[in-house]
Amino acid sequence: MNKLRTALAAAAALGLAALATPPAQAAAQPAFLAASQMPPSPTPWTATQVFTGVPENGGVLCAPYKIPAQNTRYREFSTELDTNGVQVTTVARTEADAVKLVDTLREALAGCGPLLEQQNPGLQAVSAFHGKLAVEEGAWVYSLDTADPQIGISDIHLFSVGRDGRTVTLVRWGQMGDLKDAPLTAFRTTTKTAVNKLH
């Protein structure tokens with residue numbers, strides 16, 4: 001009987017130890033940007049909680065449905081002046097898959113302007129590449145400048161794609177205006193922070 005009690009006590013202790021130890025997978029979840037780490041704005045940024053999956057449009061402007069929903073999470077950002085943004089992060093099955101996803105997203109961002117003009121007659125859209133950043137396995141920055149002469153509205157968006165091992169993150173910033181109005185230097189800093197925070 002004493003041996004049985006000792007065995008049961010040992011088993012219970014092991015069970016409690018297992019419960020007290022968080023799963024390795026949960027501990028390894030990539031971290032996200034905080035609202036304060038977005039490019040400076042005249043009014044404060046606010047951030048949503050981190051959601052599972054991809055945003056409702058299937059991804060982000062210029063790269064709809066390119067990011068798989070599995071093992072993907074996202075956070076959205078906004079200010080009182082209609083400046084907005086999103087960060088989408090996915091953990092690929094292998095590093096090779098992550099490299100392939102980065103290439104797919106970069107191709108989509110680089111060709112976004114011509115594609116939007118083709119899909120929306122009358123729209124003027126220009127995509128531009130703004131260089132690679134030296135952070136982890138690299139990050140790449142793009143812009144999309146759009147104007148609709150019929151309604152007199154212009155918008156500017158900045159995008160970046162970065163990778164750390166199997167983890168890929170895409171960050172978007174956008175507001176009304178032109179490329180000259182965009183905080184490109186600050187966005188590069190935001191991108192480096194986003195990639196450094198992944199792991």
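It should be emphasised that the depicted structure is a prediction, and the values quoted were computed from it without experimental measurement.
A continuous path of Ile, Leu, Val, Met, Phe, Trp and Tyr side chains, each step under 4.5 Å between heavy atoms, connects Val168 with Phe51, placing both in one hydrophobic cluster. Leu144 and Phe129 fall within the same hydrophobic cluster, defined by Ile, Leu, Val, Met, Phe, Trp and Tyr side-chain heavy atoms under 4.5 Å apart, directly or through other members.
The ring-ring contact (aromatic ring centres under 6.0 Å, His included) search around Phe32 returns none, not counting sequence neighbours. For Val99, the side chain to side chain contact (heavy atoms under 4.5 Å, CB included) partners two or more places apart in sequence, or in a different chain, are Asp103, Arg163. Residues that satisfy the ring-ring contact (aromatic ring centres under 6.0 Å, His included) test with Phe159, not counting sequence neighbours, are absent from this structure. Annotation: salt bridge (Lys or Arg N to Asp or Glu O under 4.0 Å) contacts of Asp82 (sequence neighbours excluded): none.
Shown here for Gly113 and Ser127, the closest heavy-atom pair between the two residues is N-OG, 2.7 Å. What you find for His157 and Gly174 is that their closest heavy atoms are ND1-CA, 3.5 Å. When all heavy atoms are compared, the tightest approach of Leu123 to Ala147 is CD1-O, 3.4 Å. Closest non-hydrogen pair, Gly165 versus Ala98, comes out as O-CB, 3.7 Å. Closest approach of Trp140 and Val102 over heavy atoms only: CZ3-CG1, 3.7 Å.
Contact of the Lys197 side chain with the Pro30 side chain is not registered, since no non-hydrogen atoms from C-beta on lie closer than 4.5 Å. Proximity of Leu105 to Lys66: side-chain heavy atoms (C-beta onward) are separated by under 4.5 Å at one or more points. Looking only at side-chain heavy atoms (C-beta outward), Leu81 and Pro42 come within less than 4.5 Å of each other. Residues Val161 and Leu109 have side chains in contact (heavy-atom distance under 4.5 Å, counting atoms from C-beta outward). Contact check for Arg188 versus Thr185: side-chain heavy atoms found under the 4.5 Å cut-off. Val88 places none of its side-chain heavy atoms less than 4.5 Å from the side chain of Thr169. Residues Gln87 and Arg73 have side chains not in contact (no heavy-atom distance under 4.5 Å, counting atoms from C-beta outward). Residues Met176 and Ser154 fail the side-chain proximity criterion, which asks for heavy atoms closer than 4.5 Å.
Formation of a donor-acceptor pair under 3.5 Å by the Gln119 side chain with backbone atoms of Leu116 is not found in this model. A donor-acceptor contact shorter than 3.5 Å links the side chain of Thr72 to the backbone of Gln70. Proximity of a side-chain donor or acceptor of Asp181 to a complementary backbone N or O of Asp178 within less than 3.5 Å is detected. Of the possible donor and acceptor atoms, one in the side chain of Thr104 sits under 3.5 Å from a partner among the backbone N and O of Lys100. Of the possible polar contacts, one joining the Glu117 side chain to the Ala125 backbone as a donor-acceptor pair under 3.5 Å is found. Between the side chain of Ser41 and the main chain of Pro44, no donor-acceptor pair closer than 3.5 Å is present.
In the model, Asp97 has a side-chain atom that pairs as donor or acceptor with a side-chain atom of Thr94 under 3.5 Å. There is a side-chain donor-acceptor pair under 3.5 Å between Thr83 and Gln175. Using modelled atom types, one finds a donor on one side chain and an acceptor on the other under 3.5 Å when comparing Ser143 with His130.
Geometric assessment of Arg172 against the ring of Tyr142 yields a negative cation-pi assignment under the 6.0 Å and 45° thresholds.
In this structure, Val141 belongs to a hydrophobic cluster whose other members, linked by side-chain heavy atoms under 4.5 Å apart, are Leu33, Met38, Trp45, Phe77, Leu133, Val135, Ile156, Leu158, Val171, Trp173, Leu179, Leu184, Phe187, Val195, Leu198. By the 4.5 Å side-chain criterion applied to Ile, Leu, Val, Met, Phe, Trp and Tyr, Val91 is assigned to no cluster and stands alone.
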